Amino acid sequence: MNNLAKVKLIPVFKPLIEREEIAAAVESLELGWLGMGSYVKQFEDHVAAVCKLNEASDRHVVAVSTGHAAIHLSLLMMGVGPGDEVITPSLNNAADFQAIRACGANPVFVDIKEDTLCIDSTKVEDLITEKTKCIIAMDYDIFICDHDALAEIANRHKIPVLHDAAHSFGSSYKDRPVGNQHSFTIFSFDAVKTVTCIDGGAIVIKGVENVPRLHAKRLIGMTQPATQMYKNSRAWTYDIEELGFRYHMANLHAAIGISQIKKIDDIRTSRQKTCQRYYDELSNLDWIDAPRTNFATVNPFLYYIRVLNGKRTELRKYMKTKGVDTGIHWQAGHSFTYLNDCRSGPLGVTDKITEEIVSLPLHSMMNSDDTARILAAIKSFQK
Ligand SMILES: Cc1ncc(COP(=O)(O)O)c(C=O)c1O
């Protein structure tokens with residue numbers, strides 16, 4: 001038996017599904033209304049509470065089936081269409097690129113900042129043309145974008161920002177919860193996120209007048225009132241005024257999400273602690289860059305390191321022999337066949353760091369023996 005067969009592989013992601021989630025799932029199944037209903041309304045209210053939305057903020061949560069659906073619908077609500085351009089960091093999730101293409105538009109790739117791996121706001125303006133219909137600001141792992149600078153550019157050019165906060169649900173920017181920075185914010189609650197619905201997403205949209213249209217667009221265009229569906233009931237007559245998609249959230253997913261949100265304080269604290277420990281124990285290694293932020297202000301999705309000595313592949317293979325899995329988030333958008341004809345600015349930082357980044361395992365309530373094993377594996381690598 002080799003070493004790997006003896007030790008259980010520590011995965012990059014590990015869901016926190018406990019008695020509460022299972023009980024909530026069963027309860028929602030026993031309700032007899034499987035589709036969008038009362039749990040979805042409650043889930044939206046819980047998301048709004050985490051974001052501290054109130055009447056004055058005039059921001060509203062609309063739950064959908066995935067983060068990808070949330071991006072697609074947000075872009076459509078902004079009026080993004082065929083031939084338009086959307087500026088996005090090339091270091092972004094494929095869901096963003098595909099949502100842009102699903103609108104018939106093209107991504108335009110911008111570089112990232114080396115210290116945060118978030119969009120470099122100083123490089124955005126050079127890429128704006130009359131075709132630009134949106135700028136995507138994606139918070140990466142432990143970092144939050146420079147949202148004030150992006151809002152300033154967006155206001156000056158009258159282009160909306162889509163805040164992709166798939167990694168930052170429950171984080172803050174300058175003392176305000178994420179969700180309050182722009183007119184569109186999206187969250188993902190997929191299987192690996194800090195808070196999961198197994199699959200799920202949400203849009204925080206500014207302007208109560210925009211909500212009915214978004215409700216219809218998530219329900220294949222049907223103008224049926226959400227208020228009725230939130231009572232586990234439906235209308236039999238409705239209109240269809242425009243294109244829509246089957247993007248609504250089901251009760252089962254919402255029920256699981258609610259039980260997760262109830263634990264968000266513990267989830268956040270435990271992830272902050274693990275990230276702080278990674279930083280404390282790795283920042284003195286000269287062949288690694290271990291990033292640091294004010295961990296107390298974020299709900300960390302992942303912790304990445306940069307391998308500076310060109311031995312990323314060897315390190316990842318070695319860690320696997322020590323029973324530790326690692327990831328890469330992500331390959332650059334401009335490296336994909338489907339997207340290699342998209343316009344871009346200089347992408348020097350993206351090209352460099354996509355050869356260096358390694359995502360370490362990060363779980364909610366992570367076992368401290370696992371963290372010790374991960375750290376020991378890195379430290380014992382013969383570089
Ligand atoms: C930054 C970012 N945006 C969007 C998405 C898409 O979310 P979903 O998987 O819920 O469709 C992800 C998924 O990991 C993501 O990381």
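This is a predicted model, so every value here is computed, not measured. Both counts, for ligands and for their atoms, begin at 1 and track the order of listing.
Shortest contact from atom 3 (N) of ligand 1 to any protein heavy atom: Asp164 OD2, 2.7 Å. His167 NE2, 2.8 Å is the protein heavy atom nearest to atom 16 (O) of ligand 1.
Close approach of ligand 1 to Met138 is summarised as follows: ligand atoms under 4.0 Å from at least one heavy atom of the residue are 1 (C). Close contacts of ligand 1 with Gly67, meaning ligand atoms under 4.0 Å from a residue heavy atom, involve 7 (O), 8 (P), 10 (O), 11 (O). Atoms of ligand 1 lying under 4.0 Å from at least one heavy atom of Trp330, given by number and element, are 1 (C), 16 (O). For ligand 1, the atoms closer than 4.0 angstrom to any heavy atom of His68 are 6 (C), 7 (O), 8 (P), 11 (O). Near Ala95, the atoms of ligand 1 lying under 4.0 angstrom from a non-hydrogen atom of the residue are 5 (C), 6 (C). Residue contact check: Asp190 has heavy atoms under 4.0 Å from atoms 8 (P), 9 (O), 10 (O), 13 (C), 14 (O) of ligand 1. Those atoms of ligand 1 that come under 4.0 Å of a heavy atom in Asp96, given as number and element, are 3 (N), 4 (C).
A distance of 4.0 Å separates NE2 of His147 from CG of Asp139, quoted to the nearest 0.5 Å. One distance of note links CZ of Arg59 with NE2 of His182; it measures 9.0 Å at 0.5 Å rounding.
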Please tabulate, one pair per line, all N/O donor-acceptor pairs under 3.5 Å involving side-chain atoms of residues 92-104, not counting sequence neighbours.
{"residue": "Asn92", "atom": "ND2", "partner": "Thr88", "partner atom": "OG1", "Å": "3.1"}
{"residue": "Asn92", "atom": "ND2", "partner": "Asp96", "partner atom": "OD2", "Å": "3.2"}
{"residue": "Asn93", "atom": "OD1", "partner": "Ala95", "partner atom": "N", "Å": "2.8"}
{"residue": "Arg101", "atom": "NE", "partner": "Asn106", "partner atom": "OD1", "Å": "3.0"}
{"residue": "Arg101", "atom": "NH1", "partner": "Tyr338", "partner atom": "O", "Å": "2.9"}
{"residue": "Arg101", "atom": "NH2", "partner": "Asn106", "partner atom": "OD1", "Å": "3.0"}

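Residue contacts with ligand 1 for Lys193 involve side-chain atoms from C-beta outward but no N, CA, C or O (heavy atoms, distance under 4.0 Å). Using a 4.0 Å cut-off between heavy atoms, Thr66 contacts ligand 1 through both its backbone and its side chain. Residue contacts with ligand 1, taken as heavy atom pairs separated by less than 4.0 Å, do not involve Val192 at all. The part of Ile71 lying near ligand 1 is the side chain, judged by heavy-atom distances below 4.0 Å.
Using a 4.0 Å cut-off between charged nitrogen and carboxylate oxygen, Asp148 and Lys174 count as a salt-bridge pair. In this structure, Lys262 does not pair ionically with Glu21, as no charged nitrogen and carboxylate oxygen lie closer than 4.0 Å. Comment: Glu355 does not engage Lys311 in a salt bridge, judged by the lack of any side-chain N to carboxylate O separation of less than 4.0 angstrom. Using a cutoff of 4.0 Å between basic side-chain nitrogens and carboxylate oxygens, Lys113 and Asp120 are not scored as salt-bridged.
In terms of polar-atom proximity, Ser188 is counted as a contact of ligand 1, with an N or O under 3.5 Å from an N or O of the ligand. Every N/O-N/O distance between Asp199 and ligand 1 stays at or above 3.5 Å.
Ring geometry for Phe295 versus Tyr303: interplanar angle of 30 to 60°, hence tilted.
For Gln276, the side chain to side chain donor-acceptor pair (under 3.5 Å) test picks out Asp280, with sequence neighbours left out.
For Glu209, the CD atom is densely surrounded, since the number of other residues' heavy atoms within 6.0 Å is greater than 12.
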